[in-house]
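Values below: all heavy atoms of this structure, side chains included; hydrogens, waters and symmetry mates excluded.
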Amino acid sequence: MKLKKADILQALEKISAPGEGQNLVESGAVTNVQVFGDEVEVDVTIKNPSLQAKKKTEVEILKIIHSEVYQKAKIKVNLKVDAPAKPQVNQIKGNPIPGIQNIIAVASGKGGVGKSTITANLAVTLAKMGFKVGLLDTDIYGPSMPIMFDVANEKPLSINVNGKAKMKPIENYGVKLLSIGFFTQPNQAVIWRGPMAAKALNQMIFDAHWGELDFLLLDLPPGTGDIHLSIMQSLPVTGAVVVSTPQEIALADARKGVAMFQQEAINVPVLGIVENMAYFTPEELPDNKYYIFGQNGAKNLAEDLDVPFLGEMPLVQSIREAGDVGRPAALQTASPIEEAFEELTKNVVQELVRRNTDLPPTEAIKITTMAGCSAVKKK
């Protein structure tokens with residue numbers, strides 16, 4: 001039996017397009033019908049992507065043609081889905097903080113590599129260079145900056161800014177500082193789930209009166225987890241500095257730290273890697289270097305990952321002592337330590353200038369599903 005295209009279209013008008021309130025023909029879902037004797041080929045495009053809608057549409061087409069046109073018709077249905085883009089939900093878009101020019105995250109994949117010490121000394125060195133500097137201690141569970149800046153007993157005051165109550169950061173050595181450590185007792189453990197920690201961080205970021213800053217340094221906690229995502233969703237981070245020691249066990253985690261920032265969903269430029277505790281020089285043998293944790297590990301990692309190597313910092317007792325007494329070692333004038341931190345800071349600033357020249361401003365990341373940050377990239 002020779003079938004007619006008009007009869008096929010008339011039959012298809014009795015089928016409703018999924019979720020559209022019109023039939024398949026009126027809605028334009030039927031894009032083409034071809035008839036060859038008793039063979040029929042129907043091209044259909046629907047907007048409902050669900051498996052149920054696709055199966056229901058195909059079955060109804062077969063059923064209506066067999067019942068209304070020809071029971072023995074050989075039918076082929078080519079069904080496509082053209083679903084409209086879903087509106088993104090639950091986005092934390094992140095807003096730049098007025099007056100803050102550059103936000104630098106200092107991270108490490110592993111704890112105990114001296115990341116907070118590097119951050120504190122970067123901050124005071126930038127302040128010595130004449131920059132306006134702020135430092136946010138984002139390590140909710142192990143805040144150390146109040147001790148390193150000798151302000152552990154201070155409490156931020158509430159001030160009125162344009163009719164709104166804002167926290168005034170604590171200031172010492174020319175650096176404005178906020179930390180969860182200001183709001184907890186020294187012997188009090190912070191036992192919070194991720195959402196609670198994220199809320200506290202957002203308050204310290206957006207409910208604080210930072211004023212005009214050239215740099216806001218973020219001392220991130222170890223690892224690559226919830227706090228890191230919360231920060232990068234809340235703030236457009238200009239660039240990241242990754243700190244590692246030379247031994248393989250630390251480098252393995254530093255590699256993950258770099259990979260986190262380079263994730264497609266995050267895409268924060270890595271300004272470079274710092275090798276901390278690179279070597280030990282005894283005070284009585286100033287020309288000797290002992291590579292206790294291995295040699296050039298972080299430098300080689302930087303080359304492997306094609307990111308800048310920002311410099312190496314020695315393992316020196318006075319750096320630890322200075323942090324413990326609340327006066328960062330970079331404040332020591334005319335000392336090798338001061339020179340080392342100045343060189344490191346200059347390299348960071350140089351890479352930041354290059355980044356701002358070559359790349360557009362960073363946007364706060366917009367992660368709506370866990371697929372955006374999974375270890376395996378979804379196809």
Side-chain angles (χ1 to χ4, degrees), residues 92 103-119 122 136-144 193-194 197-198 201 217-278 293-313 344 347-348 351-352 355 359 362 364-379:
I92 304 175
I103 300 173
I104 300 178
V106 184
S108 66
K110 183 176 178 60
V113 297
K115 168 187 50 60
S116 294
T117 300
I118 293 293
T119 308
L122 273 176
L136 177 62
D137 185 357
T138 73
D139 195 345
I140 294 292
Y141 306 109
S144 54
R193 292 190 183 274
L201 280 174
L217 300 186
L218 308 176
D219 182 34
L220 296 182
T224 55
D226 192 53
I227 297 297
H228 304 76
L229 288 181
S230 296
I231 284 290
M232 288 181 286
Q233 284 179 300
S234 300
L235 289 172
V237 178
T238 314
V241 171
V242 176
V243 180
S244 179
T245 47
Q247 77 267 39
E248 194 59 41
I249 195 74
L251 295 172
D253 290 335
R255 186 183 295 271
K256 295 172 187 174
V258 173
M260 173 185 69
F261 291 113
Q262 292 179 338
Q263 276 261 357
E264 185 178 350
I266 295 175
N267 196 26
V268 170
V270 177
L271 302 177
I273 297 177
V274 178
E275 183 167 276
N276 195 28
M277 308 183 205
F293 299 117
Q295 188 172 357
N296 294 331
K299 185 176 183 179
N300 294 334
L301 178 63
E303 292 177 1
D304 290 344
L305 299 178
D306 195 26
V307 298
F309 179 65
L310 298 172
E312 57 183 22
M313 295 304 303
L344 171 63
N347 289 340
V348 171
E351 291 302 328
L352 183 71
R355 174 257 177 275
L359 298 172
T362 306
I365 63 173
K366 302 173 179 64
I367 296 175
T368 57
T369 67
M370 285 309 295
C373 290
S374 60
V376 179
K377 186 176 178 181
K378 301 285 192 295
K379 295 293 184 184

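- Taking CG of Asp137 as the start and CG of Leu217 as the end, the distance is 11.5 Å to the nearest 0.5 Å.
- Counting all heavy atoms, side chain and backbone alike, Glu275 lies closest to Lys299 at OE1-N, 3.5 Å.
- Closest heavy-atom contact between Pro269 and Arg355: CG-NE, 3.8 Å.
- Across all their heavy atoms, Pro236 and Ile103 have their closest contact at O-CD1, 3.9 Å.
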Compile the donor-acceptor pairs under 3.5 Å between side chains in residues 240-250 and protein atoms, sequence neighbours left out, one pair per line.
| residue | atom | partner | partner atom | Å |
| --- | --- | --- | --- | --- |
| Thr245 | OG1 | Gln247 | OE1 | 2.6 |

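- In this structure a side-chain-to-backbone donor-acceptor pair under 3.5 Å is present from Lys115 to Leu220.
- Nearest heavy atom pair, residue Leu310 against residue Leu271, reads CD2-O, 3.6 Å.
- Every side chain to side chain contact (heavy atoms under 4.5 Å, CB included) that Ser116 has, sequence neighbours left out, goes to Ser144, Met145, Met148, Asp219.
- A heavy-atom distance below 4.5 Å is found between the side chains of Asp304 and Arg255.
- Distance check, rounded to the nearest 0.5 Å: CG of Leu251 to CG of Asn300 gives 8.5 Å.
- Counting heavy atoms from C-beta on, the side chains of Leu344 and Ile118 come closer than 4.5 Å.
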For this session: Verify side-chain contact (heavy atoms from CB on, under 4.5 Å) between Asn276 and Val113, making sure each step is shown before the conclusion.
Result: CA-CA 7 Å; Asn276 195 28; Val113 297; 5.7 Å; no
For this session: Report the C-alpha separation of Glu351 and Asn347 in whole Å, then their side-chain angles, then the decisive distance to 0.1 Å, and conclude whether the side-chain contact (heavy atoms from CB on, under 4.5 Å) test is met.
Result: CA-CA 6 Å; Glu351 291 302 328; Asn347 289 340; 5.6 Å; no
